[in-house]
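What follows is a single structure, and I will ask about it in a moment.
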Amino acid sequence: MKPSILKGTRDFTPEQVIKRNYIFDTIKRVFIKYGFQPIETPAMENLETLTGKYGEEGDKLLFKVLNNGNFLEKADKNAIENGDYKKAVPSLSKRGLRYDLTVPFARFVVMNQHDLAFPFKRYQIQPVWRADNPQKGRYQEFYQCDVDVVGSDSLVYEAELSQIYDEVFAALGVQVVISINNRKILAGLAEAVGIEDHFMDMTIAIDKLDKIGLEGVQKEMLERGIPRAASDKIAQILEVQTLEVLKPLLQDSKTGRKGIEELETVFSLLEGYNMHNTLVFDITLARGLNYYTGCIFEVKANTKVYPNLKMGSIGGGGRYDDLTSVFGLNNVSGVGISFGAERVYDVMEELNLFPTAAEQQLKVMFIALDESTFPYAFRALNQVRSAGINAEIYPEPSKMKKQMKYANARNVPFVILVGTEEMASGKLGLKNMASGEQKNLTLEEIVGQLSN
RNA sequence: GUGAGUAUAGCUCAGUUGGUUAGAGCGCCGGAUUGUGAUUCCGGAGGUCGUCGGUUCAAGCCCGAUUAUUCACCCCA
């Protein structure tokens, strides 16, 4: 058969894995620095745990796992005959692949609530799966890197999460714009123009602003049943750039005032912190997910610095006051952000931001020239390894040309040549593959040189 | 789920209004050089033109279907 891999999935070459780990390691280091602890959850969850948490669209994109054994026996035959596939699903599949890391985390918190110290700060770096059609920067299997805090509504965490975004992208060398808004401000906006019942429609439309423009947003709002007078007013307010200007406009809305106050607190906590990137209040930031209740975040590569880059958001998050309640634990507030590692990778690749040093792992390769020197070279290899140097030996003493070619293909910085002369003198040939320079040195001298 | 584009050597791609034996660059293998890779020179291998069907004297090229893939919409990281 012809080998192939599934749509939207990828194999990774050693070079790619090394680069991906560079991103993961950088993110992890910052998470740990801010006091977050790692957890892991299974790739598969009870389908029931996942369904209904991401809206109707999300349910469609959930990967469902077919039951084992004779799954037809227990299938809901009525539903199947009536063509009601949605109703038939629970009888055919009791498991699904996780769609994000937040819902499994909420499940985890509820199940382990008696063993956790609150506020509980966790990070989690694992793959998730979505049956979405792939396109640029979008895959069916991809990693998310999440940090969340549950069990506190302190705004200090919003401030910390902003700093985490800032530090990670500073460390990776990507210049970003971190946008921050507050769902309460959007709620206040809906209140101020009298369309509380169309709150969702309004946020979905606003969320598309950078894609379809202000007129497009107005059009979308009209299509979604928001009266023209209200949409005009909203459009007007969306042009507001600062909290100071916004404040009087939302004065009549208690929720709106609270949202502004929260953002002011976050900004004041961050006073004196030396931000490497841009953190901006952006009233047009909405985020589609409707479980957010407070501050919301989104990160994009800075288009002023990289005008030709075409990539959507590379991170997002926010506060959700009641995520665990669907699993039976009420009044536990959480706030968290996520890094889209795959998109960060694509951005860094496009901008050529990976350090070349990260690609080199093997330091030296031994080349034995004949059968009699091979065991000698192998023992020398072990000594080099004992000194903590990454090393290997070409598996057979074949033609030097062939061995050199392999070393070159492997991108090894040094080779050590071992022939009968070298074995007799105890001085091995250390060759620098980049410069071509070659010196005869004792094993001790070689170890000393390679240890630098 | 909806729409558009693409499918030719291991990779990136040419291929004329349909007309002899389908090409290039890179890579791969061998040699120049039996103790030196990357550079140079010489030689070589490698294709059911995604798949199935149709039109035609003749199809890589035209038509239909199908699969894969890319991009966009919806939604999202």
Side-chain angles (χ1 to χ4, degrees), chain A residues 2-10 13 23 27 54-62 85 98-102 125-146 165 200 203-205 207-208 211-212 216 220 223-224 286-290 292 297-301 310-318 336-347 365 367-370 373 394 397-423 428-438 440:
Chain A
K2 204 174 169 183
S4 66
I5 60 171
L6 292 174
K7 173 164 73 173
T9 66
R10 294 153 298 160
T13 62
I23 294 176
I27 290 173
Y54 310 103
E56 202 178 327
E57 198 64 31
D59 285 352
K60 277 190 214 159
L61 302 181
L62 273 176
Y85 76 97
R98 66 166 167 249
Y99 179 89
D100 71 358
L101 300 178
T102 309
I125 299 176
Q126 288 192 281
V128 303
W129 293 268
R130 295 181 189 177
D132 203 356
N133 258 337
Q135 53 177 283
K136 191 174 174 63
R138 174 178 298 192
Y139 309 95
Q140 292 205 337
E141 178 184 63
F142 61 98
Y143 272 74
Q144 286 193 329
C145 312
D146 276 28
Y165 266 144
M200 268 296 287
T203 55
I204 289 170
D207 202 36
K208 295 179 188 168
K211 223 172 215 172
I212 60 180
E220 172 120 11
E223 280 164 11
R224 287 175 175 271
R287 296 199 56 80
L289 292 177
N290 50 7
Y292 291 118
F297 299 94
E298 192 155 288
V299 181
K300 286 182 179 171
K310 286 207 171 68
M311 182 61 74
S313 80
I314 52 179
I337 56 172
S338 178
F339 289 80
E342 320 288 346
R343 290 187 177 178
V344 174
Y345 181 98
D346 290 345
V347 167
M365 180 179 297
I367 289 180
L369 297 177
D370 47 63
T373 54
Y394 194 84
S398 50
K399 277 192 195 164
M400 187 191 288
K401 183 176 171 140
K402 192 169 180 186
Q403 302 195 59
M404 289 296 290
K405 213 165 170 176
Y406 179 70
N408 192 58
R410 286 289 302 275
N411 228 338
V412 190
F414 295 94
V415 295
I416 295 173
L417 298 167
V418 185
T420 46
E421 286 168 33
E422 285 80 0
M423 192 166 76
L428 311 183
L430 178 70
K431 176 166 175 141
N432 181 324
M433 292 295 279
S435 65
E437 184 194 4
Q438 188 171 332
N440 283 343

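It should be emphasised that the depicted structure is a prediction, and the values quoted were computed from it without experimental measurement. Just so we're on the same page: letters track the sequence lines, and every chain starts at 1.
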Quiz prompt | Distance between P atoms of B/G43 and B/G35 (Å, rounded) | solution =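 Approximately 27 Å lies between the P atom of B/G43 and that of B/G35.
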
Quiz item: Can a donor-acceptor pair under 3.5 Å be found between the side-chain atoms of A/Arg343 and the base atoms of B/C76?
Solution: yes

Self-check item: Watson-Crick or G-U pairs under 3.5 Å in RNA chain B, rendered as dot-bracket with [ ] for crossing pairs and | for another strand
Solution: (((((((..((((.....[...)))).(((((.......))))).....(((((..]....))))))))))))....

Quiz item: Reckon A/Ser313 touches a base, only the sugar-phosphate, or nothing at all at heavy-atom distances under 4.0 Å?
Solution: sugar-phosphate

Quiz item: Which residues pass the side-chain contact (heavy atoms from CB on, under 4.5 Å) test with A/Asn133, sequence neighbours left out?
Solution: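 Counting only residues at least two positions away or on another chain, A/Asn133 forms a side-chain contact (heavy atoms from CB on, under 4.5 Å) with A/Lys7.
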
Practice problem: Check every strand shown and say whether A/Phe339 touches a base, only sugar-phosphate, or nothing at a heavy-atom separation below 4.0 Å. | Solution: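 Result for A/Phe339 = nothing.
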
Quiz item: side chain to side chain donor-acceptor pair (under 3.5 Å) with A/Tyr143: which residues, sequence neighbours excluded?
Solution: none

Quiz item: Got a sec, which residues hit side chain to side chain donor-acceptor pair (under 3.5 Å) with A/Gln135, two or more places apart in sequence or on another chain?
Solution: none

Quiz item: With sequence neighbours left out, what residues match A/Glu342 under side chain to side chain donor-acceptor pair (under 3.5 Å)?
Solution: A/Arg10, A/Arg20

Self-check item: Contact pattern, 5' to 3', of nucleotides 35-40 of chain B - B, S or - by protein heavy atom under 4.0 Å
Solution: BBBS--

Self-check item: Nucleotide B/A77, atom C1' - distance to OH of A/Tyr54 in whole Å
Solution: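 Computing the A/Tyr54:OH to B/A77:C1' distance gives 13 Å.
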
Exercise. Could you encode protein contacts along nucleotides 69-74 of chain B as a string, one character per nucleotide from 5' to 3', using B for base contact, S for sugar-phosphate-only contact and - for no contact, with a heavy-atom cut-off of under 4.0 Å?
Key: S-SBBB

Self-check item: A/Ser398: partners by side-chain contact (heavy atoms from CB on, under 4.5 Å), with sequence neighbours left out
Solution: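 Checked A/Ser398 against side-chain contact (heavy atoms from CB on, under 4.5 Å); matches are A/Tyr394, A/Glu396, A/Lys402, A/Gln403.
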
Quiz item: Does the side chain of A/Asp100 come within less than 4.5 Å of A/Arg130's, by heavy atoms?
Solution: yes

Self-check item: Pairwise C1' distance, B/G47 and B/U40 [rounded to whole Å]
Solution: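 To the nearest whole Å, 30 Å.
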
Quiz item: Does a side-chain heavy-atom distance below 4.5 Å link A/Trp129 with A/Arg98?
Solution: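 Yes; the side chains approach each other to less than 4.5 Å.
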
Exercise. Return the value, rounded to whole Å, for the distance between atom CZ of A/Arg98 and atom P of B/C76.
Key: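 Taking atom P of B/C76 as the reference, CZ of A/Arg98 is at 20 Å.
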
Exercise. Measure from CG on A/Asp100 to C1' on B/A77 and round the result to the nearest Å.
Key: 11 Å

Practice problem: Between B/U51 and B/A7, how far apart are the C1' atoms? Round to whole Å, please. | Solution: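 Here B/A7 and B/U51 have their C1' atoms 11 Å from each other.
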
Exercise. Kindly give the heavy-atom pair with the smallest separation between A/Asp207 and A/Arg287, and that separation in Å.
Key: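 Of all heavy-atom pairs spanning A/Asp207 and A/Arg287, the closest is OD1-N, 3.0 Å.
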
Quiz item: Got a sec, which residues hit ring-ring contact (aromatic ring centres under 6.0 Å, His included) with A/Phe142, two or more places apart in sequence or on another chain?
Solution: none

Quiz item: B/C76 and B/C63: how far apart are their P atoms, nearest whole angstrom?
Solution: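 After rounding to an integer number of Å, I get 39 Å for this pair.
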
Practice problem: Using a heavy-atom cut-off of under 4.0 Å over every strand shown, decide if A/Lys399 touches base, sugar-phosphate, or nothing. | Solution: sugar-phosphate

Quiz item: For A/Lys405, what residues pass the side-chain contact (heavy atoms from CB on, under 4.5 Å) criterion, not counting sequence neighbours?
Solution: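 Testing A/Lys405 for side-chain contact (heavy atoms from CB on, under 4.5 Å), a comparison that skips the adjacent residues, returns none.
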
Quiz prompt | Inter-nucleotide C1' distance (B/A68, B/U8), Å rounded | solution =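 It comes out at 16 Å once rounded to the nearest Å.
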
Exercise. For A/Thr373, enumerate each residue passing the side chain to side chain donor-acceptor pair (under 3.5 Å) test, keeping only those at least two apart in sequence or located in another chain.
Key: A/Asp370

Quiz prompt | Rounded P spacing from B/A45 to B/G23 in Å | solution = 13 Å

Quiz item: Can you tell me how far C1' in B/C61 sits from the matching atom in B/G1, rounded to whole Å?
Solution: 34 Å

Practice problem: Just jot down the side-chain contact (heavy atoms from CB on, under 4.5 Å) partners of A/Leu6, sequence neighbours excluded, or say none. | Solution: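 If we apply the side-chain contact (heavy atoms from CB on, under 4.5 Å) test to A/Leu6, skipping adjacent residues, the hits are A/Thr9.
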
Practice problem: For B/A59 versus B/U16, give the span between their P atoms, rounded off to a whole number of Å. | Solution: 16 Å

Self-check item: Gap between atoms CD and C1', on A/Glu56 and B/C75 respectively (whole Å)
Solution: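 After rounding, the gap between these two atoms is 12 Å.
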
